[in-house]
> 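The structure that follows is given in the form of structure tokens.
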Number of protein chains: 2
Amino acid sequence: MTARSGLASMKKTFCLKTAVAKEIRRWTVALAAAACVSAVHAAAAPVDVPASAQPTKKPLTVADVLAGSTPADWRPIDPQSTIYMDLPAGRVIIELAPQFAPHYVANVETLARQGYFNGLWVERVQDNYVAQWGDPDAKKPVGNAQRTVAAEFERTSRGLSFMPLAEPDTYAPEVGFSDGFPTALDPKLGRAWLIHCYGMVGAGRDNDVDSGGGTELYAVIGQAPRHLDRNVTLLGKVVQGIELLSSLPRGTGAMGFYEKPEQRVTIKSFKLASEVPEAQRTPLEELRTDTQTFTDYIDARRNRHEEWFKVPAGHVDVCNVPIPVRARAAAGH
Amino acid sequence: MTARSGLASMKKTFCLKTAVAKEIRRWTVALAAAACVSAVHAAAAPVDVPASAQPTKKPLTVADVLAGSTPADWRPIDPQSTIYMDLPAGRVIIELAPQFAPHYVANVETLARQGYFNGLWVERVQDNYVAQWGDPDAKKPVGNAQRTVAAEFERTSRGLSFMPLAEPDTYAPEVGFSDGFPTALDPKLGRAWLIHCYGMVGAGRDNDVDSGGGTELYAVIGQAPRHLDRNVTLLGKVVQGIELLSSLPRGTGAMGFYEKPEQRVTIKSFKLASEVPEAQRTPLEELRTDTQTFTDYIDARRNRHEEWFKVPAGHVDVCNVPIPVRARAAAGH
């Protein structure tokens, strides 16, 4: 594990199986099938074709794909729908998902504008599960915001930008990416919902489905707890700084709550990026998930072509495709 | 997220789909199908059956299943194949898997007996990936041990105890559990291999497949990096104390290596449990994965019946089944 690259002897069986087992799903599958076919040809080169006519293009690594991206492949992360949560150790940056949880996002924005979270705490860190922040006593006034908001576990799939993964998923009929968010879809029901991948941010609730509202938030810091999908409102994802949450000491109380108040980690400030002076912002851009470059990126994750790798996986889980984010020159600078 | 329980309105569509889509796989599938059938009956109770004849058995939660387990459902974790890695913050306990990596395990045991890791360091912590320990300079003498051991990426599936999961897996033809270890299997090839779930422990290597040996070890601390399966030798799993690794500060160097020597975390000692005086041992036992109780446990993970849950997932990923481990009274005490 001192290097992460690898020779890719494409596994024919995996490719063929994928192509046969899946329904045709727009361009993703067509591309995957094409990749398999060319790999099979390369592996079993017909003897009557001159060597010079053989495919010689080196398969792309993740680094190759990103190096070959164009500026148009990236989208700026909009400060209007971005939260900066400043902890003593640094800034956690959360991109909100109003297209999935409009009322929760609006409420969190109202809470942020009022400074609701400033001076509250990360109060719970449960290993391989979630870090959660808010008011452990649930007493701080919410001002113009709502304490509870009706659940937004799912939405119609109509009008949704959706880049499907070719792979079958253990939990949902279809999975893929919608505007940078890992998304599940049920085509028969016409419903879509966000997926609890690493770094996703949701709104804690009590037993009643409508008892959340955004006053308690959590981020996933372990193996995707997919059993939470459609059980709790997801409203964003951490695009930078998740390690500031995932490396916190685990709480030793029930469900990972800190047992002593002094163990809690104070939230210095929790603000909309658009309300932070431009000089103090952290401009980021993310690889667009509706581009050919992203499709190539997924394929480079599916079959790792770095020298270190010997057996390409042939498949990839929706939660094993971290979406590339990078610093962006601030507008006008 | 303040409670983790849930009302289970069993989804008929998921059950039926599972039953249709899967090959018959021994008793696991038969049991899963039976569970679906009874749930469907309960949901659509025929009107001509008296209420007293309706199934009234409350579906079991994870806590119910464990509370109903018998002593025979648990197996002691054998000190002969257990490592205690004592860090300043506490003890990380690793169960070795000689049935999958006999030569690597033997080499790690030899290294442990010689005190090879004592005074070395956790030198790398990469967020959502791995924590790694060993000698960053790769210079410490290995004595009677080997510096490299031929790769043990997979083994024959013959003679392997295997409890298959009913669910299809994104990466492997079959997945399940073998003596407490998450395991993938290719029935056509007759091969089996360990899966990179959270907490699994492997032996780092360089680009050559045979360049590992156990002098550099790592544990998974994030979303299962399944693309590493069959690319690196897994040789055990952390059964207690993974949070001591997962909560360490992330390294800021390439691949999460600590950039400054003083950031490294010293390994106080790394010993076979059987070589530690009995009074200093941490006796543990683990739920046997070849029992009906474990099958019930998987089903309780698949469809969470705690009050908090509203939409049961209907499915479970092999890496979303943490195997219960608990303290055990020391023998003779």
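None of these values were measured; they are calculated from a predicted model. We name chains A, B, ... by the order of the sequence lines, and we start the count at 1 in each one.
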> Quick one: of A:Val220, A:Ile221, A:Asn128, A:Asp229, who has the most non-hydrogen atom pairs under 4.5 Å with chain B?
A:Asn128
> Could you check which of A:Leu244, A:Asp208, A:Val316 has the highest count of heavy-atom pairs closer than 4.5 Å to chain B?
A:Val316
> Donor-acceptor pair, B:Gln223 side chain versus A:Ala224 backbone, under 3.5 Å?
yes
> Name all residues meeting the side chain to side chain donor-acceptor pair (under 3.5 Å) criterion together with A:Asp127; count only those two or more places apart in sequence or in a different chain, and write none if there are none.
A:Arg250, B:Tyr198, B:Ser246
> Relative to chain B, which of A:Cys319, A:Gly222, A:Pro322 shows the most heavy atom pairs under 4.5 Å?
A:Cys319
> Search all heavy atoms of A:Trp133 against all heavy atoms of A:Val122 and return the closest pair with its distance.
CB-CA, 3.8 Å
> For A:Pro136, enumerate each residue passing the side-chain contact (heavy atoms from CB on, under 4.5 Å) test, keeping only those at least two apart in sequence or located in another chain.
A:Trp121, A:Glu123, A:Arg264
